[in-house]
2 protein chains.
Amino acid sequence: MATRARRGSGRPTLADVASRAGVGTITVSRALRDPERVSSELRERIAVAIDALGYVLNPNARALASARADVIGVLIPSLTNNVFAEVLRGIHDGLGDSALQIQFGNTHYCVDEEERLLRVFLGQRPAALIVSGIDQLPATRRLLETAGCPVVQIMETGPNPIDLMVGFSHFDGGRQATEHLLQVGCRRIGFLGARMDPRSQRRLAGYRSALHSAGTVEELLITTTPSPSSVSMGAYLFRQALSKSPDLDGVVCNNDDLALGVLFECNRQGISVPQRVCIVGYNDLEMMAVAYPSLTSVRTPRYEVGRQAIAMIRAALSGERPELAVVDLGFELKVRESTTRRQPKERIAGLSAPALQ
Amino acid sequence: MATRARRGSGRPTLADVASRAGVGTITVSRALRDPERVSSELRERIAVAIDALGYVLNPNARALASARADVIGVLIPSLTNNVFAEVLRGIHDGLGDSALQIQFGNTHYCVDEEERLLRVFLGQRPAALIVSGIDQLPATRRLLETAGCPVVQIMETGPNPIDLMVGFSHFDGGRQATEHLLQVGCRRIGFLGARMDPRSQRRLAGYRSALHSAGTVEELLITTTPSPSSVSMGAYLFRQALSKSPDLDGVVCNNDDLALGVLFECNRQGISVPQRVCIVGYNDLEMMAVAYPSLTSVRTPRYEVGRQAIAMIRAALSGERPELAVVDLGFELKVRESTTRRQPKERIAGLSAPALQ
DNA sequence: CACAAAAATGGTAGCGCTACCAAGGGTTAT
DNA sequence: ATAACCCTTGGTAGCGCTACCATTTTTGTG
C-alpha cells in the first residue's frame, strides 16, 4: 500500500494542485510557465487551487527537469568596494518581477578564485552569467564561451567580447581626468593608485597617455600599492608622493576613497586645495559633491551597468539577439572646487563621454 | 531502444562515475557526502573516475532528492549601506570551504518585501536563514518559527529570539555616544537621523535616555528624516538643526555618513570642530580615523556579526545545540579629535562594551 | 569457534517537475 | 463531406540524486 509516510517535504506539489483543480499536472505546469496557452477557465480554477493549498513551486525540481535553473551567477571582485555594491543593486533592481534569482560570488580580485567559483556556478546550469572585467584567464574564458548561456562582461568595454558586454573605458577616464588637470594649469601631476587591478592599470595608462601627449611623463610622479584601497591609504600615498616630489601640484586618484584621503591629508598639513594642489577622483561617489572643498571626479554609471546587464540578459533569454552586443555607457567628468582655480572662465566644455555609443 | 538522445544536460552523472569506478551509484554518493563511510580503496577509485570524467555534482538533483538545499537565505535591508556590505563579506568569509551557498535578498528596509522574499526562499527549503533585525511582521515571524531550519537574527540583540541571534545593542550605543558628549562638556546636544529604521529609532531612544538622565531632553534638538542616509543628507540635516538651535554644541549622528556630512558643513561654514561643535558618528567606518579632524564614532563589529552568524549556523547544522543562542558582540566608542576639547585629561575609561557577553 | 554486532556496499523507488508525444475537438479550406 | 490544420489538454517517462531498506563482509566477544 502507498500509505507509507511521504518522503518529501510534506508540502503541496503540482500534482496536488492538479487534482484539486481537476486537471492534469502538465496543465498546471503550463499555467505557471506560459498562461497564454491555457484557457482562462482552467487558469482560474488552477489559481484558486494554488491559493487554497498555499502551493509554492519547487525550483529544484524545475531545474532538474528542465536542465536549466532560473539563476544568474554574478562574479564580482569585492563587496566592500562601494562601486560593486551599486552594480549589485542595479542588477537586483533590474530583475524586477522576473523569476530569476541571483547567485553571487566574491572573487577577491583573484583570477583563480574566479575560475573556481565559475565552475561551482556552472554546476547549476545557470540561466546566465555576469563576470567583472575583461581579463579572465584563458581557461576561464573557454569555460564561459562554452557555458551555453548568455554571458555578460561588465564594468569595461574592450575588443573580443565573450558574448555581451556593458561598461565604459577606464583608459579614457584616466586620460580625461589628467587632461583636465593639465587644462587648469597643473604641471606636476601625480597618480595615486591602490589595488591596481586591471581596470586601475588602464586608468593609469590613460594618465600616462595624457602626459605623454603633453610631453611630460615622469615615473617618479606615479605612486601605487597592491594593497586594498581605503581613505587612509589615500592619505598615506599622498604623503609618499609629496616626499618624492614636493612640487606636486595635482593628483589623479585611482578612486574616490583615495581622493578623500588626499583631501584630509591636505587639510591636516595645511595644503590649500585647489590653490596649491588639485585633486581628481574616480567614480564620483555621493560624498564627492559635498566634501569641502567639493571634489572633482569621473562619474561612472555603475548602477546603470547592473541594470543594463540584466536587461540584455532578459532580452537574450527571450530569444532576441541584439545587434548591439557591446554597450558603452560612457562616463562624465564632474568638475568641482578641487580643480577650479582663480579664473572660473576656464570652464571646459564637451567633456561628457557619449551615452550608449 | 534507448539510443534516443539524452534529455539531460549531456554532462556526466553520478551513475557514469559509478560504472567507471565499478561501484554502485549510492557508494559514489556516499563517498561525496561522507567519505569516512567508504573504504579508502573505493574512495580512491571513485576519485580517479570523477577526475577523469570531470564530474560535477548537480545540486538541484541533490536538493530534490534530499528535500534540502545547501543554500543559506540572507535577507538584508540595503546593499549600498556599507555596513551591510561588510556583514555580507563576513558571511562569505565564514563559509570557507563548506559547500553552502548564499542566496541573498534586498528588502529595501520594507517589511512586506521581507516577507515576500522569505516566501521565495522557503520554497527552496534552505539550510538556514539569516534575517536583519528583530522587527519582523508577526506573519513573517511565524514563517520563520516554522521554517524547520536554523534562523539567525543579526545586527541586534533583544528578547525573544526566534532561534539564534548575533548583534549588539543600538540603544546602548546611542546612549553611550550621548553620554560621551555630556562628559566632554556639551550642553546643547542634537541628534541627526536619516532613514529611521528600527535600529536608528533605538539609537535615538538611547540618546533620549542619556539626556533624560541629565535632565535636559528637548525635542527641538532632534532632527530626522525618513529619506535614505547620505553624506549630503548629513550636511542638510545639520543646517536644519543649526537654524532651529543656533547654540548647538554637539551632535550625535545616526551613522558615519551623516557625521562626515556634518564635518564638511562645519568646514564650509567655518565652524570649528571640536571647539564649537563636537561630532559623534555611528559604526566607525574606516574613513572616520583619517578625517581631519578625525571623527569619534561607535565602532560596531559588523564583519564579525556575519562571521559569527555563519559559525552558529554551521554548528547548528552539525547537530550542536549551543546553550548560547544569543550572542552580544558589543561595541566600542572610539574617541577622536572631533570630541576632544582642550583638556586631554578628560579621557574616559571603561567605555568598551563587553565582547561576547 | 560460534554468534552477535558493526561496517561496507548495493538495489530500488521515489523527490517534484518538465520534455515529448498523442489525442480530442473545433475551425477553415477545398 | 473530407482533409488539413489549428488549439487545448493529458499520459508518461525521465532529469540526477538520495532515503530506505537488504545484503554481504568484517570485526569483536565470551
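Keep in mind that the numbers below use all heavy atoms, side chains included, and drop hydrogens, waters and symmetry copies. Here is how names work: the chains are called A, B, and so on, in the same order as the sequence lines, proteins then strands, and each is numbered from 1.
Residues of residues 24-53 of chain B that place a heavy atom closer than 4.0 Å to DNA chain C, in numerical order, are B:Gly24, B:Ile26, B:Thr27, B:Arg30, B:Val38, B:Ser39, B:Leu42.
Distances were taken from every side-chain heavy atom of B:Val23 (C-beta onward) to each of C:dA19, C:dG16, C:dG10; the shortest belongs to C:dG10. The B:Ala65 side chain lies nearest to C:dG14 when the options are C:dG14, C:dC17, D:dA19.
Of the N and O atoms on the side chains of B:Gln136 and B:Gln153, at least one donor lies less than 3.5 Å from an acceptor on the other residue. Checking A:Ser29 against A:Arg33 by side-chain atom types alone, a donor-acceptor pair falls below 3.5 Å. Side chains of B:Thr107 and B:Glu113: a donor-acceptor N/O pair is absent below 3.5 angstrom, by distance only.
Rounded to an integer number of Å, the gap from CZ of A:Arg125 to C1' of D:dC17 is 16 Å. Across the protein-nucleic acid pair, B:Leu64 atom CG and C:dC17 atom C1' stand 8 Å apart, rounded to whole Å. In this structure, CZ of B:Arg62 is placed 17 Å from C1' of C:dG14, rounded to the nearest angstrom. Spacing between atom CG of A:Leu14 and atom P of C:dA19 amounts to 12 Å, rounded to whole angstrom units. Atom P of nucleotide D:dC15 and atom CG of B:Asp16 are separated by 11 Å, given to the nearest angstrom. Distance, B:Asn58 CG to C:dC17 P: 16 Å, rounded to whole Å. Between the P atom of C:dT18 and the CG atom of B:Asn60 lies a distance of 13 Å, rounded to the nearest Å.
Take B:Glu304 and apply the side chain to side chain donor-acceptor pair (under 3.5 Å) test, not counting sequence neighbours, and it matches no residue.
Under the ring-ring contact (aromatic ring centres under 6.0 Å, His included) criterion, the residue pairs touching residues 80-118 of chain B are A:His92-B:Phe104, A:Phe104-B:His92, with sequence neighbours excluded.
Of the possible donor and acceptor atoms, one in the side chain of B:Arg68 sits under 3.5 Å from a partner among the backbone N and O of B:Arg125.
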